[in-house]
Amino acid sequence: MASLNLGYWVQSYSMSNQVSSISKSFPLPRSLPFNPLTTQSSSTLKKVNFTSLPSITSVLTKEDIVKEEEQDPQKSSFDFNSYMLQKASAVNQALESAVSLRDPVKIHEAMRYSLLAGGKRVRPVLCLAACALVGGRESMAMPAACAVEMIHTMSLIHDDLPCMDNDDLRRGKPTNHKVFGEDIAVLAGDALLAFAFEHIAVSTVGVPPSRIVRAIGELAKAIGGEGLVAGQVVDIISEGLTDVGLDHLEFIHVHKTAALLEAAVVLGAIVGGGCDEEVEKLRKFARCIGLLFQVVDDILDVTKSSKELGKTAGKDLVADKVTYPKLMGIQKSKEFAEKLKTDAIELLQGFDPAKAAPLIALANYIAYRQN
């Protein structure tokens with residue numbers, strides 16, 4: 001785990017208004033006692049001005065990683081880099097095969113441009129790792145893993161559009177609409193979304209139909225009006241608000257970011273044959289790392305350059321969006337990230353340690369990533 005610059009490849013968490021005492025409860029995201037469509041003064045935290053935030057070189061330092069490995073030799077014995085290279089390569093081959101260049105050529109070029117542009121492949125690898133953890137084979141989960149990556153890519157294409165975040169750079173390359181135009185970019189995202197569900201339904205083999213149907217339903221719920229879209233909408237209508245608390249911010253990111261990460265893990269557990277108890281335990285694990293992913297993203301956005309991130313840095317500040325560093329400060333955000341990572345790893349206790357090693361390593365990677 002000491003080498004974490006992986007480059008190319010590689011729901012809810014209830015919080016008190018007092019940041020120093022973070023709750024350990026895991027209520028479902030949809031049960032949050034919060035109406036994001038109304039402005040509420042729900043947090044007593046003093047907002048922090050970005051100009052006063054201290055600079056840091058990483059979310060958690062290399063020294064932190066070395067210390068953890070000394071405390072837990074199992075972490076250092078697992079070759080995370082090799083694992084990610086192998087799994088990411090398998091995912092890339094599956095994506096390349098699934099979305100081939102065919103007529104109409106223009107739309108498939110646009111789909112492939114963003115889908116095969118790189119990325120860490122964290123979501124599909126999480127899906128494969130969860131499947132293996134409950135005793136499934138990689139082939140059982142690969143279509144679901146690819147489907148999650150297709151939907152993630154769709155969300156990035158649409159996020160970058162002028163009507164949304166209006167971004168010019170994604171994964172170190174010009175955004176889809178800059179290359180193909182806004183009309184084709186919208187359609188490329190639509191096509192990837194539709195094909196994701198077709199791919200699970202048609203290409204999944206060795207899995208009982210009941211599991212496939214359950215997985216499709218889980219994925220649809222995660223990205224619709226109660227999931228990713230809900231988070232996007234509340235994020236949009238929250239821009240410029242002067243009194244946004246942690247519960248409001250959490251609602252956005254539990255849905256906008258964590259929901260798809262959760263779906264990736266839960267889909268892997270479902271198609272792999274996990275029992276209900278295992279699926280729900282992994283769901284809680286995924287909620288922790290999903291929110292962790294966003295906390296780290298917020299920190300990196302104000303501490304890294306566009307070149308280092310492969311996307312436009314500081315855009316949340318420009319858009320006047322509320323982020324964890326803005327509400328909590330850099331140090332408290334780092335502490336919260338560490339708390340989420342620790343709780344996520346604790347939820348894997350009881351599983352086969354060897355099979356859980358990839359998910360433990362992925363949780364550490366999400367916490368310590370540099371882009």
Side-chain angles (χ1 to χ4, degrees), residues 11-48 123 151-152 155-156 158-159 164-165 218-266 280 283-299 301 315-317 319-329 332-333 335-337 339-341 343-344 366:
Q11 171 171 343
S12 172
Y13 202 90
S14 177
M15 296 184 293
S16 166
N17 286 338
Q18 299 298 322
V19 177
S20 59
S21 58
I22 301 171
S23 170
K24 284 191 175 183
S25 62
F26 293 93
L28 289 172
R30 300 170 188 90
S31 67
L32 279 173
F34 167 61
N35 180 3
L37 302 180
T38 60
T39 303
Q40 300 186 18
S41 179
S42 55
S43 175
T44 58
L45 282 175
K46 182 179 179 182
K47 296 184 177 67
V48 181
R123 291 160 188 81
I151 291 172
H152 175 56
S155 73
L156 299 182
H158 286 180
D159 274 356
M164 297 284 279
D165 289 349
E218 185 79 35
L219 184 56
K221 194 168 188 177
I223 65 174
E226 296 181 54
L228 187 151
V229 170
Q232 290 278 31
V233 169
V234 177
D235 190 27
I236 290 170
I237 66 177
S238 298
E239 288 185 20
L241 294 183
T242 57
D243 191 13
V244 174
L246 283 173
D247 54 355
H248 190 124
L249 184 62
E250 181 186 355
F251 180 95
I252 292 171
H253 295 312
V254 160
H255 293 76
K256 181 180 177 181
T257 303
L260 192 55
L261 277 158
E262 177 183 329
V265 172
V266 171
E280 291 311 308
R283 185 190 299 279
K284 292 176 183 179
F285 162 82
R287 288 176 187 171
C288 284
I289 64 169
L291 194 53
L292 170 63
F293 194 97
Q294 186 60 51
V295 175
V296 171
D297 224 40
D298 284 356
I299 295 171
D301 189 61
K315 64 180 182 180
D316 289 340
L317 176 60
D320 197 24
K321 288 187 177 182
V322 178
T323 64
Y324 284 99
K326 190 172 184 179
L327 286 184
M328 302 169 72
K332 287 293 185 182
S333 296
E335 291 172 7
F336 185 36
K339 171 71 171 164
L340 288 166
K341 186 212 73 170
D343 287 347
I366 290 171

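The residues of the chain are indexed from 1 along the displayed sequence.
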Tell me, with the steps shown, if Lys339 and Leu292 meet side chain to side chain contact (heavy atoms under 4.5 Å, CB included). CA-CA 9 Å; Lys339 171 71 171 164; Leu292 170 63; over 6 Å; no
Do Ile299 and Tyr324 come close enough that some side-chain heavy atom pair is under 4.5 Å? no
What's the separation between atom CD1 in Ile366 and atom CD1 in Ile289, rounded to the nearest 0.5 Å? 4.0 Å
To the closest 0.5 Å, what do you measure between CG (Leu156) and CD1 (Ile151)? 12.0 Å
Distance col, row Gln294:CD vs Asp301:CG, nearest 0.5 angstrom, shows 9.0 Å
I'd like to check Asp235 versus His255 (side-chain heavy atoms, cut-off strictly below 4.5 Å). Are they in contact? no
Going by side chain to side chain donor-acceptor pair (under 3.5 Å), name the residues that satisfy it together with His152, two or more places apart in sequence or in a different chain. Arg123
When every non-hydrogen atom of Leu291 is compared with those of Glu250, the smallest separation belongs to CD2-CG, 4.4 Å
Spatial distance of atom NZ (Lys332) from atom CD (Glu335) [nearest 0.5 Å]: 4.5 Å
Which pair of non-hydrogen atoms, one from Ala263 and one from Ala222, has the smallest distance, and what is that distance? CB-CB, 3.7 Å
Mind listing the closest non-hydrogen atom pair of Gly290 and Leu261 along with its distance? CA-CD1, 3.4 Å
Quick one: pull up NZ in Lys284 and CG in Asp343 and give me the separation to the nearest 0.5 Å. 12.0 Å
Less than 4.5 Å apart, side chain to side chain, heavy atoms only: is that true for Ile223 and Leu260? yes
Please round to the nearest 0.5 Å and tell me the distance separating atom NE2 of His253 and atom CG of Leu249. 4.0 Å
How far apart are the closest heavy atoms of Met164 and Asp159, and which atoms are they? CB-O, 3.3 Å
If only atom types and distance count, is the side chain of Ser333 paired as donor or acceptor with the main-chain N or O of Met328 below 3.5 Å? no
Those residues at least two apart in sequence (or on a different chain) that pass side chain to side chain donor-acceptor pair (under 3.5 Å) with Ser155 are none
Determine whether a donor-acceptor pair (N or O, by modelled atom type, separation under 3.5 Å) exists between the side chain of His248 and the backbone of Val244. no
Using every non-hydrogen atom in the two residues, find where Ala230 and Gly225 come nearest and quote the distance to one decimal. CB-O, 3.2 Å
